[in-house]
Amino acid sequence: MFKKIITASMLLAYFIMPMVVMAEEAQAPVGQPAVVAAAQAAPAPPKIDTGDTAWVLVSTALVMLMTPGLALFYGGMVRRKNALGTIMHSFIIVAIISVQWVLWGYSLAFGPDKGGIIGGLEWLGLSGVGLEPNPDYAATIPHQAFMIFQMMFAVITPALITGAFAERMKFSTFFVFTILWATLVYDPICHWVWGIGGWIHNLGALDFAGGTVVHISSGVSALAAALIIGKRKGYMTDIIAPHNLPMTVLGAALLWFGWFGFNAGSALAAGGGLATSAFVVTNTATATAALAWIFAEWVQRGKPTVLGAASGAVAGLVAITPASGFVGPMASIVIGFGAGVLCYMAVSLIKPLLGYDDSLDAFGVHGVGGTWGAIATGLFATTAINSAGANGLFFGNPALVGKQFIAVLASWIYAFVVTFILLKVLDWTMGLRISEEDEVMGLDLTQHGESGYSS
Amino acid sequence: MFKKIITASMLLAYFIMPMVVMAEEAQAPVGQPAVVAAAQAAPAPPKIDTGDTAWVLVSTALVMLMTPGLALFYGGMVRRKNALGTIMHSFIIVAIISVQWVLWGYSLAFGPDKGGIIGGLEWLGLSGVGLEPNPDYAATIPHQAFMIFQMMFAVITPALITGAFAERMKFSTFFVFTILWATLVYDPICHWVWGIGGWIHNLGALDFAGGTVVHISSGVSALAAALIIGKRKGYMTDIIAPHNLPMTVLGAALLWFGWFGFNAGSALAAGGGLATSAFVVTNTATATAALAWIFAEWVQRGKPTVLGAASGAVAGLVAITPASGFVGPMASIVIGFGAGVLCYMAVSLIKPLLGYDDSLDAFGVHGVGGTWGAIATGLFATTAINSAGANGLFFGNPALVGKQFIAVLASWIYAFVVTFILLKVLDWTMGLRISEEDEVMGLDLTQHGESGYSS
Amino acid sequence: MFKKIITASMLLAYFIMPMVVMAEEAQAPVGQPAVVAAAQAAPAPPKIDTGDTAWVLVSTALVMLMTPGLALFYGGMVRRKNALGTIMHSFIIVAIISVQWVLWGYSLAFGPDKGGIIGGLEWLGLSGVGLEPNPDYAATIPHQAFMIFQMMFAVITPALITGAFAERMKFSTFFVFTILWATLVYDPICHWVWGIGGWIHNLGALDFAGGTVVHISSGVSALAAALIIGKRKGYMTDIIAPHNLPMTVLGAALLWFGWFGFNAGSALAAGGGLATSAFVVTNTATATAALAWIFAEWVQRGKPTVLGAASGAVAGLVAITPASGFVGPMASIVIGFGAGVLCYMAVSLIKPLLGYDDSLDAFGVHGVGGTWGAIATGLFATTAINSAGANGLFFGNPALVGKQFIAVLASWIYAFVVTFILLKVLDWTMGLRISEEDEVMGLDLTQHGESGYSS
Amino acid sequence: MKKIEAIIKPFKLDEVKKALNDIHIEGMTVTEVKGFGRQKGHTELYRGAEYSVDFLPKVKIEVVTSEDMAAKVVDAIQNAAKTGKIGDGKIFVSPVEETVRIRTGEKGKDAL
Amino acid sequence: MKKIEAIIKPFKLDEVKKALNDIHIEGMTVTEVKGFGRQKGHTELYRGAEYSVDFLPKVKIEVVTSEDMAAKVVDAIQNAAKTGKIGDGKIFVSPVEETVRIRTGEKGKDAL
Amino acid sequence: MKKIEAIIKPFKLDEVKKALNDIHIEGMTVTEVKGFGRQKGHTELYRGAEYSVDFLPKVKIEVVTSEDMAAKVVDAIQNAAKTGKIGDGKIFVSPVEETVRIRTGEKGKDAL
Ligand SMILES: Nc1ncnc2c1ncn2[C@@H]1O[C@H](COP(=O)(O)OP(=O)(O)O)[C@@H](O)[C@H]1O
Ligand SMILES: Nc1ncnc2c1ncn2[C@@H]1O[C@H](COP(=O)(O)OP(=O)(O)O)[C@@H](O)[C@H]1O
Ligand SMILES: Nc1ncnc2c1ncn2[C@@H]1O[C@H](COP(=O)(O)OP(=O)(O)O)[C@@H](O)[C@H]1O
């Protein structure tokens, strides 16, 4: 009861605060328009390119669709009684982070740098983030276009984690966790790697579309979460089969589709060939990884599975992400092949060995795939593809591997430690896990009062 | 039997007529090409911008996808025996209106103005609607691009209404109703608000992407439909639970995705920042509304539901629609919050009180959300975002609220009265509702001879 | 057992070969970069247009989504026990052909012409296919953008065939068949029609987006496949009803959505109006065909079905494909109407008469619709729409019909004969069909060890 | 004890449940079944192929009750489930020799 | 009266229905069930985790008929449902004391 | 022979199956059913409309066995299915007059 009141108040505050701010802002006298409005009032500079803007806006829409895609990918893999609860995790994260990002997330991640560690609060509530380009980030599109493109990355990252604690997490705690994790883990790592002045950015480590920022941060946090929340009731003894694999395949397909925006959109421009190159290697790595995964299964278990094909595709998408703006098509085949085989092994050999219940393999796919991709970027990157990048080991520059390694390590440690503490604290205060009885009944009925399917 | 023959003949005429016209046109001698072809033959004027065109075409595809998205959103909410019939409503409307719009709808809505009330017949069969830009509507894209972008709005609007009479409407009558409603209600209101010379357009009321044209017109017509067709058998006594909520969430996600085309596409250009701004506020309002709806549920009923999150998102999308080209991100949070709370109350408190059976809440979401959005545009609009717009109440111009109010009222009255008469006439002639026995069996078997699901 | 080893080795080779090549290439000394990299290193020529590139990349993503769309369209039509196996066919083809195309498919189809029959091996592994435009194919976008856009056509074509042998094909044989068919049937026909120097291309037959290349080649091959593999157990005696028609409608909707990229993307540029025109006629023909199909059903059977609406839409998309860059909106209504009626008749009257089991009507829709579209292009094409095209019969040039007829005939014969031989050989060596017992159990359990749905 | 098994039309389930509650029967088990009988099925159409489906959805209610209540239960079900149209279903009564409540191990009448 | 309950392989349902119709049995009730017995199940694979599923899909047919028809019904089912392979299923016969047709209230044989 | 029918909580199925295997019962038939009884249902919420669902998912196990095994089977099920909380379910025992194995035509005990 007490906890409920706390939760309720937190949620209330989450809404009321901005409301007050806005109300004031909105009522600012016309003669002295609010900061946001002022910024937007300035005549749009001529530098905006219509093709680049069209591309980035479309890419934003594509990346937005990935999170519902993930909802289906994950939702199909759980039991019927948890279908809605699992889908809800991803779906509501789109809402939660969209608001968090506008209010303070973007400012923390990309705002004026404070010591290489975090962005400042100058851009709270998007103040100063207008429609003219911000050449620091993207010279030919409105600043807000960059902001909202980045928003979709901030959205999907915590959603990836939810695979680790599927089928047993308390919804209210999940809600609070998401806001805190985005603020304390995602926003800082994002700043380190992509923010102007971020320390990993300055170091010269490469991460085109989010190998460290998105996949390692979420995958490693997922591992922490799986360890802390513990196994599902019946794990390894009962049959816990996916309730709707066509849904999972549809989710994987939407992820693949949306990922073109994720990776090729990260060129932040349509011209110049970089978006095209990223598009091509993304598709090639994904295809190869899907084949590699089912091939590994075929050899090891005698049958290629459909869930394997879908999982392999996602593993390939993950692994090519950091490399997508720096490598050519042949390298992407190698990266994809590695992703398929490594993630398959992580998921089907190592996980059972170690015995933790990363229910939908958020760590096995995103942690492992993201790490492989970040390292592989250090191997295969070439300035022939992207002159703003760097050469990797196989192009004569072993130093890049070192930098990639530092970036990977820093992300691993930071994500693991902060997530671990965060979840422990939440466990003591709000409780992470639903009761055993509720777990038997399922998330849908106990957390949401709904059934996924009726007649 | 008699009615069947009438229906069949109407349908036949619907096809045969254009066939005849076309056949003639297609066979026009080469020396004197048909009007359409002639228009298209002119060398494309240099004004077409590739980025803007790419953006509008993509937006058109996105908006097209919304109607199948709606099919799933609605389809998941009905009982299993009505799944296909409900999906069919939206799906076949894409086909019906695509043809209606090409043949006469576009001409009525956007053709040369007749007294501020309706477009002329000059553009029947798209004659004169070619590939060069029509600067009255959009200066940097082909006229046909504007035409087909608008088509998708004309498509989704009648589909929204179908939520009101779900699970009991006769298919043949629905078919005829759709053609007549589009012609008698949508096309005129669209002309008033968006047609050059339309009286609401001239008045200076603002509707960026369809608060009055799309949401009020459909939502209020839905109310009329719910009142006339009457309650479903078992309404309020039997359990009438959604048969597939994951399908509904997928539908909501596709709506959200497609709505970026709806709102940001309504800038009709990628450059200049307006599309970006509309994109940002659309996403922000939607996210806030989803949170507000589940928050309202959480407070009032103790549990946040997944259907609530999806419904809230749609309510937010609806409410921001008219405002999306005129307001900033902070205002969009207020608009979204209002949408979530107001539509939730309409649907879960007011509807049961009044006792009508608006089965899938077409009025509760689109009527109420659209009205709130149209009024909110009068409150929060600012020329700082869109110099072609106007300032609203909070930016020193209370007059705008008045204009918005007139536009809302006119749309309400016109849509309600004409839909009411139309449905009454159809009820007397063809019959609106399937027999009670058929209602028990379900639409799928009785109207289409199919089962949605088999083994 | 022996066969298994052969299959396994073939698959292994499929992966290992490129791995070796790449590894070598990747390790090329920095001073002398690999061919691919070198090509890409050249400064991007100024000719790339951002709007056109954005449009083609988006179109590529849209076309990519069509194959998973097809997976759902087909997957919903089979029995529950074959849902995954059917979905897998399309899904894994995306992976198989993406790799095949990069390694050798693109070179065979579009590489330097050898006698009008096939492309050379010069572009193996994309060597020489860089980021600068190749004006032979598309002057304003990177060559790789053209390559990957074309890839998605090569992907969907073999996927279309899978409808013919659904519910009974052995997965390993299917896998090998796909690689061989793409190489021996698709790549040559594609070269004939679209490759610079291809003999049908030189002849002057028109195929804007793939009436012969995609639909006739797959549809006719599907007929051969249906004849060779034989009927499903229980065909025409047991009830074989679609297990999930909402899934089929969703698939059809994604096909419709993606097809805008397919047809309008085939303009390879956003500007100039051609993309817009193709977009408009695509939508119009599709809508008309959906109406025509249900209308035909309504007249003949008394009820319009939802599967009919979806099937009609696909038939319309198929038929307008070759014509989409050459005809106006009125002609597209005639083409769509013809497609709806002809394909309906093929599927529901002629197929039962002839008695073959083309399970999901790959021939009835793609073979028949594609043939009608190719011929109709000869009737309705006009240079008023596309000055690079030609006039058709109704615009004073009967010669075009002759050329279209030759193109159709050549595609029919080549596809049928080569597919027939290929399948016969595979039947003798690997076996085409699963055992009767496995057919009773279903593809999902026997080929993949999975169930589509659990609780 | 007796087991009363009734095959009824699905949309009558709620009424039957209420009727049973009215005579203080507060336990029953319900199964979705498909019935074949005099009532005609329907036709389904898929791409012009016509299938006649003669198994119709029905609901089976099982109530175990004491001998003396059995007749009352049969009557209650019959009245509540009746529409007068073909396909209303059947009621079967058969002997049950023993009943156990799993939770407590109680037997016989006490277990109901 | 007797109730004949048969657990059969699902794909045999149509043949059994026909066999029953041939001996003029025109009413039956069918339920989807899962069976466990000598017949081995199958294995399912999800991301490398292997599950052995030993409940197999079966169909239960229930026919209530008069004493004299019972043997015939059993024979008809046995012949039609038999494949000779393990897992063909069982037929159980048990007593039914009363039958009512809901539509008319008819009892006993007339209710069938 | 006897038929033992048990209505149990779904998540207890595996344990009950194991308990039966332990006493060498190697055949059974399982049906998904919905139960109504003392155990309270739950509430579902759809757009503010609240429905109380009082039919709860249960599983019905049917085992036909010889007279002498019947008591053992009942005990095994009762022990395995018991949680001590309301809604654990019931066991019903009724007579079976004949059993046939479809595959072989064997009758009586041999058919089990
Ligand atoms: N002999 C029977 N044994 C078992 N179930 C039967 C029998 N006859 C009918 N039924 C069940 O009763 C249902 C209704 O029977 P039907 O003959 O259609 O109508 P009515 O009960 O009105 O005569 C059937 O669908 C079937 O489920
Ligand atoms: N003792 C039993 N009680 C109830 N059902 C049984 C029993 N034994 C078998 N069955 C049912 O019969 C089916 C077939 O039995 P099984 O032992 O696999 O093969 P067979 O009947 O050929 O010996 C099982 O799947 C189960 O549904
Ligand atoms: N008289 C009855 N006839 C048939 N089934 C019954 C009867 N009473 C209870 N059941 C079944 O047993 C289940 C459990 O009964 P319930 O009263 O909830 O708990 P308990 O068995 O612990 O007393 C019910 O859900 C229902 O399926």
Side-chain angles (χ1 to χ4, degrees), chain B residues 8 11 15 18-19 21-23 25-27 29-30 33-34 36-38 40-41 44 48-54 57-58 60-61 64-65 68 71-72 75 83-84 87-88 91-92 94-96 98-99 102 125-126 131 142 144-145 147-148 151 171 247 447-455, chain C residues 49-52 54-55 58 62 79-80 241-246 249-250 253 256-257 260-261 264 269-273 275-277 279-280 283-284 286-288 290-292 294-295 298-299 301 303-307 309-310 313 328-331 333-334 337 380 382 384-385 391 394-396:
Chain B
L11 291 169
F15 278 110
M19 294 301 130
V21 178
M22 275 125 247
E25 222 176 77
Q27 293 175 14
V30 182
V36 179
Q40 291 164 338
I48 290 181
D49 181 276
T50 59
D52 290 345
T53 306
L57 291 184
V58 173
T60 305
M64 181 268 154
L65 189 61
L72 300 176
L84 281 181
I87 287 172
M88 182 66 158
F91 189 81
I92 206 65
V94 187
I96 298 172
S98 288
V99 176
V102 162
L126 298 189
L131 300 175
Q144 281 194 8
M147 180 283 297
I148 196 151
M151 177 197 284
F171 184 73
M247 184 190 282
Q447 304 299 294
H448 306 294
E450 294 166 294
S451 289
Y453 307 88
S454 304
S455 61
Chain C
D49 180 277
T50 59
D52 290 345
W55 174 239
V58 173
L62 290 177
R79 283 162 294 175
R80 177 174 277 251
H243 89 286
N244 192 331
L245 280 179
V249 176
L250 170 58
W256 192 333
F257 175 64
F260 293 129
T276 299
S277 175
F279 198 115
V280 169
N283 191 70
T284 307
T286 306
T288 312
L291 294 176
I294 63 164
F295 190 49
W298 216 333
V299 167
R301 306 264 177 178
K303 272 178 188 161
T305 70
V306 180
L307 178 58
M330 293 303 115
I333 293 193
V334 181
F337 187 84
F380 298 105
T382 159
I385 296 290
N391 280 317
F394 294 150
F395 293 87

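The shown structure was predicted, so the numbers you read here are calculated from the model rather than taken from an experiment. Chain naming here is simple, since letters A, B, ... match the order of the sequence lines and numbering starts at 1 in each.
- Per-residue counts of heavy-atom pairs under 4.5 Å with chain B were compared for C:A253, C:A241, C:P246; the largest is that of C:P246.
- Between B:F91 and C:W256, the ring-plane angle classifies as perpendicular under the 30° and 60° cut-offs.
- Contact between C:N283 and B:S98 at its shortest, heavy atoms only, is ND2-OG, 2.9 Å.
- Interface remark: C:I294 contributes side-chain atoms only to the contact with chain B (heavy atom separation under 4.5 Å).
- Minimum heavy-atom separation, B:I148 to C:V280: CD1-CA, 3.6 Å.
- A distance of 9.0 Å separates OG of B:S454 from CZ of C:R80, quoted to the nearest 0.5 Å.
- Across every non-hydrogen atom of C:P329 and B:Q144, the tightest pair is CG-NE2, 4.1 Å.
- The two atoms that bring B:V99 and C:A287 nearest to each other are CG2-CB, 4.0 Å, heavy atoms only.
- Proximity to chain B (any heavy atom under 4.5 Å) is shown, for C:A309, by both the backbone and the side chain.
- Only the side chain of C:A313 comes within contact range of chain B, with at least one heavy atom under 4.5 Å from a heavy atom of that chain.
- If you take CG on B:L126 and CD1 on C:I333, they are separated by 8.0 Å, rounding to the nearest 0.5 Å.
- Listed by chain and number, the residues in a side-chain contact (heavy atoms from CB on, under 4.5 Å) with C:V306 are B:L84, B:M88, B:H448, B:E450, C:V249 (sequence neighbours excluded).
- The greatest number of non-hydrogen atom pairs below 4.5 Å with chain C, out of B:G449, B:A61, B:G51, B:S451, is found for B:A61.
- Contact record, B:A145 with C:T276: N-CG2, 3.3 Å, taken as the closest heavy-atom pair.
- To the nearest 0.5 angstrom, B:L65 atom CG is 9.5 Å from C:L62 atom CG.
- Scanning both residues, B:L57 and C:F279, for their nearest heavy atoms gives O-CE1, 3.4 Å.
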